[in-house]
Amino acid sequence: MVSIIVPAYNVENYLDAAVNSVLAQTCGDWELILVDDGSTDSSGSMCDAAASRSKKIRVIHKANGGLSSARNAGLDIASGHFILFLDADDILSPIALETFLSIAISSNADIVCADIHKFNSPESLISTTRGMRPSYLRKKNIRSKEFSPEGAVKEILYQKSIDNSAPGKIYKRRLWEGIRFREGIGYEDLDLFYHIFLRASSIAAVGTPLYYYRQHPASYLHKFSLRRADVLDVTSRLSEFMKTNYPTLLDSALSRQLSANFNILGLITANSASLCNDKKARDIADECWEKIKELRGKCLRNPSVRLKNKIAIALSYIGGRALIESLSPIMYR
């Protein structure tokens, strides 16, 4: 029923935990696709070792191409009725597949989204999920909330109860026909999610955490590099797409674009000491401020825009760019 795609690049310290969380599923109707994306540590041999233990585990070895490339390689050979993405340093709840499939079948949803629980270490995961055993979770009578595709996209763009990450969700495989992740960019999930969601007939969201996300202090989203500025192009494409194809979703897209520009302006400001001689960074900061001025009036009048954005907008009128640059590193880090 489910093809689970796990990109693996130099994750020898975490891969076994991810694989074991699949092996521990209460639902056994799955295939696991491990994509060794040109690892230089023992991740590739660990993938082969896992496959030798179960015929349901398949391995792809490929030259390093990045997360999107690895996911695309997995999609190309997936045979399940559903697709689930699992990052190699994350873990699934033991009833993840059982719950996803139960909700998908009962609600006839094409996509089922679940809450994501963040953890820093195996010890912290255990301490915060002691009651998350399968028998306990079933007793909780897990319920779902249904959304139209447009409603779910709005929920994500206004940064509410559903996030745009590819993991933590199950998708009918037919939604991926002719669609793949854009390779060579950051924020690939934000770049793609709406194309998939708007193909669906209905979407369900579960308030129970079924996906455990490992937080790394040194990870991509916790440090700054100019590649983080990819989000500006991603949200610009998003707004243009909605303007042309889904005008009713344009306001929500502009809200997300505004968030991205506040975020990048704040990150550049917070890292100004290391970027003081980087003209590209200064130019990007200038572009962010111009885009904020362009979008802020419309977003301020939009009652659905989140409070943090409205506060930042108000401060931008009161104190101008200098005040926003001083506060954005705190508000949007």
Side-chain angles (χ1 to χ4, degrees), residues 1-5 25 27 29-31 33 68 71-72 74-86 92-93 95-116 141-182 188-211 234-235 237-256 304:
M1 286 290 286
V2 185
S3 293
I4 304 168
I5 298 173
Q25 290 298 301
C27 168
D29 194 358
W30 49 262
E31 67 168 354
I33 301 172
S68 291
R71 285 177 177 167
N72 289 341
L75 284 167
D76 289 343
I77 70 164
S79 60
H81 187 63
F82 290 92
I83 299 291
L84 185 148
F85 297 102
L86 170 63
L92 292 177
S93 161
I95 65 160
L97 296 189
E98 175 186 339
T99 306
F100 276 131
L101 290 173
S102 175
I103 298 298
I105 293 169
S106 64
S107 64
N108 197 31
D110 291 334
I111 302 172
V112 181
C113 313
D115 275 3
I116 295 177
N141 190 21
I142 297 172
R143 296 179 180 178
S144 63
K145 181 178 180 180
E146 294 183 25
F147 293 87
S148 68
E150 292 84 357
V153 169
K154 280 186 179 180
E155 195 79 0
I156 292 170
L157 294 179
Y158 284 127
Q159 298 169 278
K160 294 183 177 179
S161 64
I162 309 175
D163 66 64
N164 61 252
S165 60
K169 302 170 180 64
I170 195 170
Y171 314 80
K172 285 187 178 175
R173 181 163 59 92
R174 64 170 178 79
L175 298 176
W176 293 88
E177 293 175 2
I179 293 183
R180 292 293 185 265
F181 290 93
R182 190 187 302 267
E188 55 280 307
D189 292 356
L190 180 60
D191 183 67
L192 178 135
F193 88 90
Y194 55 97
H195 295 287
I196 298 296
F197 272 62
L198 292 172
R199 278 189 164 192
S201 298
S202 65
I203 294 158
V206 180
T208 300
L210 299 175
Y211 188 98
V234 167
T235 54
R237 282 195 296 270
L238 166 62
S239 294
E240 286 301 317
F241 178 87
M242 297 308 179
K243 181 179 180 180
T244 302
N245 300 285
Y246 290 88
T248 57
L249 294 176
L250 177 58
D251 286 350
S252 59
L254 295 176
S255 173
R256 186 64 184 86
S304 298

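Just so it is clear, the model here is predicted, and its values are computed rather than measured.
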Using 0.5 Å steps for rounding, measure from the CG atom of N164 to the CG atom of L190. 4.5 Å
Looking at every heavy atom in both A253 and L238, which two are closest together, and how far apart are they? CB-CG, 4.0 Å
Considering the options L101, I95, T99, which one meets the side chain to side chain contact (heavy atoms under 4.5 Å, CB included) requirement together with C27? L101
Is there side-chain contact between M1 and I170, with heavy atoms separated by less than 4.5 Å? no
Rounded distance [0.5 Å steps], NZ in K154 versus OG in S148: 8.0 Å
Quick check: closest heavy atoms across S68 and R182, and the distance to 0.1 Å? OG-O, 3.1 Å
Sequence neighbours left out, what pairs pass salt bridge (Lys or Arg N to Asp or Glu O under 4.0 Å) with at least one residue falling in residues 159-170? D163-K169
Do I4 and Q25 have side chains that get closer than 4.5 Å, going by heavy atoms? no
Is there a donor-acceptor pair under 3.5 Å between the side chain of S93 and the backbone N or O of L210? no
Before you tell me yes or no, could you show the steps for T248 and E150 under side chain to side chain donor-acceptor pair (under 3.5 Å), namely the whole-Å CA-CA distance, both residues' side-chain angles and the distance that decides it to 0.1 Å? CA-CA 9 Å; T248 57; E150 292 84 357; over 6 Å; no
Heavy-atom closest contact (A204 atom, S107 atom, distance): CB-OG, 3.9 Å
Hey, does the side chain of S102 reach the backbone of E98 with a donor-acceptor pair shorter than 3.5 angstrom? no
If you compare all heavy atoms of A205 against all heavy atoms of F147, which two are closest, and at what distance to 0.1 Å? CB-CE1, 3.8 Å
Looking at CG of L157 and CG of D251, how far apart are the two atoms once the value is rounded to the nearest 0.5 Å? 11.0 Å
Check the pair D110, R199 against salt bridge (Lys or Arg N to Asp or Glu O under 4.0 Å), reporting the backbone distance first and the verdict last. CA-CA 9 Å; D110 291 334; R199 278 189 164 192; over 6 Å; no
Decide yes or no on side chain to side chain contact (heavy atoms under 4.5 Å, CB included) for F181 and D191, but give the supporting numbers first. CA-CA 8 Å; F181 290 93; D191 183 67; over 6 Å; no
For S304 and S252, indicate whether the former's side chain and the latter's backbone hold a donor-acceptor pair under 3.5 Å. no
Approximate separation, where rounding is to 0.5 Å, of I83 CD1 and L75 CG: 5.5 Å
Ring centres under 6.0 angstrom apart (W176, F85): yes
Do S144 and V112 come close enough that some side-chain heavy atom pair is under 4.5 Å? no
If you look at every heavy atom in F100 and C113, which pair is closest and at what distance? CE2-C, 4.3 Å
First locate atom CH2 of W30, then atom CG of L92, and finally report the distance between them rounded to the nearest 0.5 Å. 10.5 Å
Electrostatic pair D76:R180 at N-O distance under 4.0 angstrom: yes
Search all heavy atoms of S79 against all heavy atoms of R173 and return the closest pair with its distance. O-NH2, 3.6 Å
Just to verify, what does D189 make a salt bridge (charged side-chain N to carboxylate O under 4.0 Å, His left out) with, not counting sequence neighbours? R71
Taking the six-membered ring for Trp, are the ring centroids of F241 and Y194 within less than 6.0 Å of each other? yes
CG-CD1 distance between L84 and I33, expressed to the nearest 0.5 angstrom: 11.5 Å
